[in-house]
Amino acid sequence: MGLEPQLSQTGHYGGTGADEVMAYLSTHPDFLHRHPDAIDYLMPPRVDMGRDVADFQFFMVERLRSEHNQLQQRLREMVGTTRANQCTMSRVHAATLALLEARGLDALLQLIATNLPELLDLDLTVLVVENGDDVPRRLASGIRLVEPGAIDSRLRGADLLLASGGYGDTALFGSAAGSIRSQALLRLHLREGDPPSILALGSHDPEMFHPDQGTELVSFLAQVVERCLITWIEV
């Protein structure tokens, strides 16, 4: 196994000199290919090519170094995003199990209001139903009622709305709306004839929900909530 020259704490190669480094590189021409980070420590030479003549080699190396740094930054961002997605997935899985373990409508409504915020690392989770004459009597406790048409006016025909910046919707989050900086509104498809309803998620973190993020996990959570609600409303 070949031994590559190692930098000492002083920045010099221990036990080697420039000739040894050059000899090593001459026998290992793929060194930069195998160790691209080394370019960050090298300063390309500038050649005096005369008046009004640009050293394109210098600029090309500088451009490659800049592109390398940009790729490294993108890689760090991708790793951070992947870790955040894994964390969110774990939270949604835990919330799903809790919803499935609820025994009865009252327990389910209580869980949505008090346990889901902690499980999902949110400030508020609210079940919102339009207050029509056909609202099931048993469903009238543990939820927030809004006037007919309020949900469709906010979702505008969509099943999901992600928003960040500003404050939360007072009609949905009540007195806590002032602390909400991002929100997700998820339409719930219950039984035919049931009034429009949504699951409203609110966070003080303006980056928790935003229009450009993926929606698969929150959509899945909404489907779990609606199926649990249907199960216990029909009991």
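In what follows, residues are counted from 1 in the order of the sequence shown.
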Separation between [atom1] of [X] and [atom2] of [Y], rounded to the nearest 0.5 Å:
X      : Y      : atom1 : atom2 : result
Ile180 : Leu201 : CD1   : CG    : 10.0 Å
Ser182 : Glu207 : OG    : CD    : 8.0 Å
Leu199 : Ile112 : CG    : CD1   : 6.5 Å
Cys228 : Ile233 : SG    : CD1   : 11.0 Å
Leu105 : Thr231 : CG    : OG1   : 10.5 Å
Leu108 : Trp232 : CG    : CH2   : 9.0 Å

What residues, two or more places apart in sequence or in another chain, satisfy side-chain contact (heavy atoms from CB on, under 4.5 Å) together with [X]?
X      : value
Ala163 : Gln183
Leu161 : Leu155, Leu185
Glu192 : none
Pro117 : Thr125

Exercise. What pairs meet the salt bridge (charged side-chain N to carboxylate O under 4.0 Å, His left out) rule with one or both residues in residues 154-169, with sequence neighbours excluded?
Worked result: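 Counting only pairs at least two positions apart or across chains, the salt bridge (charged side-chain N to carboxylate O under 4.0 Å, His left out) contacts touching residues 154-169 are Arg154-Asp169, Asp159-Arg187.
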
Exercise. According to the salt bridge (charged side-chain N to carboxylate O under 4.0 Å, His left out) rule, which pairs have a member within residues 91-105, sequence neighbours left out?
Worked result: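 Listed once each, the pairs would be none.
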
Of the non-hydrogen atoms in [X] and [Y], which two are nearest, and what is the gap between them?
X      : Y      : result
Ala98  : Leu111 : O-CD1, 3.2 Å
Ser164 : Pro206 : CB-O, 3.2 Å
Ser26  : Pro29  : O-CD, 4.0 Å

Problem set entry | Side chain Asn131, main chain Leu145, donor-acceptor under 3.5 Å |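 Side chain of Asn131 to backbone of Leu145, a donor-acceptor pair under 3.5 Å: no, none is there.
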
Measuring only between side-chain heavy atoms, which start at C-beta, is [X] closer than 4.5 Å to [Y]?
X      : Y      : result
Phe31  : Tyr24  : yes
Leu127 : Leu188 : yes
Leu190 : Leu229 : yes
Asp205 : Leu122 : no

Problem set entry | Listed partners of Asp19 passing side-chain hydrogen bond (donor to acceptor under 3.5 Å, both in side chains), at least two apart |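 For Asp19, no residue satisfies side-chain hydrogen bond (donor to acceptor under 3.5 Å, both in side chains) once neighbours in sequence are set aside.
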
Exercise. Going only through I, L, V, M, F, W and Y residues with side-chain contacts under 4.5 Å, is there a path from Tyr167 to Met208?
Worked result: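 The answer is no; the residues belong to distinct hydrophobic clusters.
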
Exercise. Does one hydrophobic cluster hold both Leu99 and Ile230, with members joined at side-chain heavy-atom distances below 4.5 Å?
Worked result: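 Yes.
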
Check residues 211-226 and write down every donor-acceptor pair under 3.5 Å in which the side-chain atom is one partner and the other belongs to a residue at least two apart or another chain.
{"residue": "Gln213", "atom": "OE1", "partner": "His210", "partner atom": "N", "Å": "2.7"}
{"residue": "Ser219", "atom": "OG", "partner": "Thr215", "partner atom": "O", "Å": "2.8"}
{"residue": "Glu226", "atom": "OE1", "partner": "His189", "partner atom": "N", "Å": "2.8"}

For this session: Please collect all side-chain hydrogen bond (donor to acceptor under 3.5 Å, both in side chains) contacts where either partner lies in residues 112-122, sequence neighbours excluded, each pair once.
Result: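 Passing the test, one end in residues 112-122: no pairs.
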
